[in-house]
Amino acid sequence: MTSLINDTFLRALSRQQTDYTPVWIMRQAGRYLPEYRQLRAEAGSFMALCTNPELACEVTLQPLKRFPLDAAILFSDILTIPDAMGLGLNFTTGEGPSFERPLRSASDIKNLPAIDPEDDLPYVMAAVKKIRLALAGEVPLIGFSGSPWTLATYMIEGSSSKTWARAKALIFEQPDVAHLLLGKLADAVTDYLNAQIRAGAQVVQIFDTWGGALPWAEYQEFSLTYMQRIIDGLIRENEGRRVPVILFSKGCGHRLGAIADSGCDAAGVDWTMRLAEARSFCGDRIALQGNMDPAILLTNPETIRRYVKQTLDDFGAGPGHVFNLGHGITPDVPPKHLACLVAAVHELSGKG
């Protein structure tokens, strides 16, 4: 593989000194970009983009052609694993993901097949390989998966939910069945991320989007434990470099001390917690990623710049900060506002 031209992101994840704070944005390849909307319309659907390695590569590179970001992230979806397990993933405009065959019984869970990511998700591995080749060492490539708990919520509910009542009922009423499901998913996620690493991903992130929906004890038992199990099974060195792991448990800032003990290299922080407070929970054990509110990108360049400075100042001195939003960029953000954010991060953190 080509050696990296810009490894600032990787060095920040390892808490090494960097000349400036690196920045990438969750959902940086997406609907806020007109070129993405055009390509999606031509492809016919979101899944048509995801399952076509050439198009997935093109979408991944779109934001890098506009902005001097410090990392690329694979264009895919967190729900590819349950789709490969036969649940029938669909995306409806304005409504989000849904499954044709959600899990409705213990027997449904017991009958879930194991998957081989190389055989059952070949389009993802082909996309990773194409993206790495196209990047030509410009910046690192991030691979990712949903966490077992987050995947389970969608698989049980059948779609997104405000309460996750079915998923929570399972862990409260039938914990053994929940552990069976989460164990299967942990194995699948481990294999999936390792396959991405072998294909060329240089960093992996686990999106625990709905970890914050759980009470503390249940979060530890049904979410964090399984993410730690995944970390323990991951390839941690490839191509002569460490492969960092980022955990992003949305709504779990107050749990960062436990997250820092999981074996991850970095934790994503949403905008509900100050980075200074997050550092007090984690100490110097891990790097931190975040955490500007995405809504700030809907304001104006002066306000964006002010909040970028506030975020950088809040983290303070020392290594180990990756600038990001507290969650994904929203479709209504003007691209020029993201350009302003990236420029401000680089300038205000020391890039000449």
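Residues V342 and F323 fail the side-chain proximity criterion, which asks for heavy atoms closer than 4.5 Å. When side chains are defined from C-beta on, L288 counts as touching C282, because their heavy atoms get closer than 4.5 Å. For the pair V243/Q202, no side-chain contact is recorded, criterion being any heavy-atom separation below 4.5 Å from C-beta on. The closest side-chain heavy-atom distance from L338 to F67 is below 4.5 Å. Under the 4.5 Å side-chain criterion, counting only non-hydrogen atoms from C-beta, V139 is not in contact with F9. When side chains are defined from C-beta on, L87 does not count as touching P102, because their heavy atoms never get closer than 4.5 Å. I81 has its side chain within reach of S145: a pair of non-hydrogen atoms, C-beta onward, lies under 4.5 Å apart. Looking only at side-chain heavy atoms (C-beta outward), L185 and M155 come within less than 4.5 Å of each other.
What you find for I304 and I296 is that their closest heavy atoms are CG1-O, 3.4 Å. Taking each heavy atom of L10 and P140 in turn, the nearest pair found is CG-CG, 3.8 Å. Considering all non-hydrogen atoms of both residues, H337 and P301 come closest at NE2-CD, 4.2 Å. Scanning both residues, E157 and A167, for their nearest heavy atoms gives OE2-N, 3.0 Å. Contact record, A71 with I142: CB-CD1, 3.8 Å, taken as the closest heavy-atom pair. Of all heavy-atom pairs between G233 and N194, the closest is O-ND2, 3.0 Å.
Checked against a 6.0 Å centroid threshold, the rings of W164 and W210 count as neighbours. Taking the six-membered ring for Trp, F75 and F144 have ring centres at least 6.0 Å apart.
Under a 4.0 Å N-O distance rule, the pair D270/K250 does not qualify as a salt bridge. Look at R305 and E347 and you find a salt bridge, because one of the NZ, NE, NH1 or NH2 atoms lies within 4.0 Å of a carboxylate O, short of that distance. Checked for salt-bridge contact, K168 and E218 miss the test: no charged N lies under 4.0 Å from a carboxylate O. Classification of E239 and R132 as a salt-bridged pair holds, one side-chain N sitting under 4.0 Å from a carboxylate O. D187 and R229 are joined by a salt bridge, as a carboxylate oxygen and a charged side-chain nitrogen come within less than 4.0 angstrom of each other.
Placement of W271 and I246 in two distinct hydrophobic clusters is found when ILVMFWY residues are connected by side-chain heavy-atom separations under 4.5 Å, directly or transitively. In the hydrophobic clustering of ILVMFWY residues, with side-chain heavy atoms under 4.5 Å counting as a link, Y154 and I109 come out together. Hydrophobic clustering (ILVMFWY, side-chain heavy atoms < 4.5 Å, transitive): M227 and F281 are in one cluster.
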Worksheet entry | Criterion side chain to side chain donor-acceptor pair (under 3.5 Å) on T150 and S147, from CA distance to verdict | CA-CA 5 Å; T150 291; S147 71; 3.2 Å; yes
Item to complete: Could you walk me through whether C50 and T80 pass side-chain contact (heavy atoms from CB on, under 4.5 Å), step by step?
Response: CA-CA 9 Å; C50 287; T80 50; 5.8 Å; no
Practice prompt. Go through the steps for R66 and E35 under the test salt bridge (charged side-chain N to carboxylate O under 4.0 Å, His left out), then give the verdict.
Written response: CA-CA 11 Å; R66 277 184 177 257; E35 56 267 39; 2.7 Å; yes
Practice prompt. Given side-chain contact (heavy atoms from CB on, under 4.5 Å), test R31 with R40 step by step and report yes or no.
Written response: CA-CA 9 Å; R31 288 177 289 169; R40 177 168 171 171; 4.1 Å; yes
Fill in: Derivation of the side chain to side chain donor-acceptor pair (under 3.5 Å) call for Y219 and S249
CA-CA 10 Å; Y219 171 75; S249 276; 2.9 Å; yes
Fill in: Intermediate values then yes/no, side chain to side chain donor-acceptor pair (under 3.5 Å), E221 and H179
CA-CA 9 Å; E221 181 178 355; H179 282 302; 2.8 Å; yes
Fill in: Chi angles and distances behind the side-chain contact (heavy atoms from CB on, under 4.5 Å) call for I73, W24
CA-CA 9 Å; I73 183 167; W24 71 279; 3.6 Å; yes
Item to complete: Take L135 and I131 through the side-chain contact (heavy atoms from CB on, under 4.5 Å) test and state the conclusion after the steps.
Response: CA-CA 6 Å; L135 284 172; I131 295 163; 3.8 Å; yes
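Taken from NE2 in H327 to CD1 in I329, the straight-line distance is 12.5 Å, to the nearest 0.5 Å. Atoms OG1 and CE, from T209 and M26 in turn, are 9.0 Å apart once rounded to the nearest 0.5 Å. Summarising the geometry, atom CG belonging to N238 is positioned 9.0 Å from atom CZ belonging to R198; distances are rounded to the nearest 0.5 Å. Rounding to the nearest 0.5 angstrom, the gap separating the CD atom in E54 from the CG atom in L49 is 12.0 Å. In this structure, the separation between CD1 on I230 and CD on Q228 is 11.0 Å, given to the nearest 0.5 Å. Atom CG of L180 sits about 9.5 Å away from atom CG of L170, to the nearest 0.5 Å.
For Q28 and Q62, the side-chain atoms include no donor-acceptor pair closer than 3.5 Å. S223 and D208 share a donor-acceptor pair across their side chains, judged by distance under 3.5 Å alone. Residues Y20 and D70 have side chains that bring a donor and an acceptor to within less than 3.5 angstrom of each other. In summary, the side chains of N6 and E138 do not present any donor paired with an acceptor at a separation below 3.5 Å, with no hydrogens or angles considered.
Residue D265 is tested with R15, R236, R11 for a salt bridge (Lys or Arg N to Asp or Glu O under 4.0 Å); the sole match is R236.
For D120 (side chain) and D116 (main-chain N/O), a donor-acceptor pair under 3.5 Å exists by modelled atom type. When atom types are taken as modelled, the side chain of R101 and the backbone of G86 share a donor-acceptor pair closer than 3.5 angstrom. For T303 (side chain) and T299 (main-chain N/O), no donor-acceptor pair under 3.5 Å exists by modelled atom type.
R279 forms a cation-pi arrangement with F315, by the criterion of a distance under 6.0 Å to the ring centre and an angle within 45° of the ring axis.
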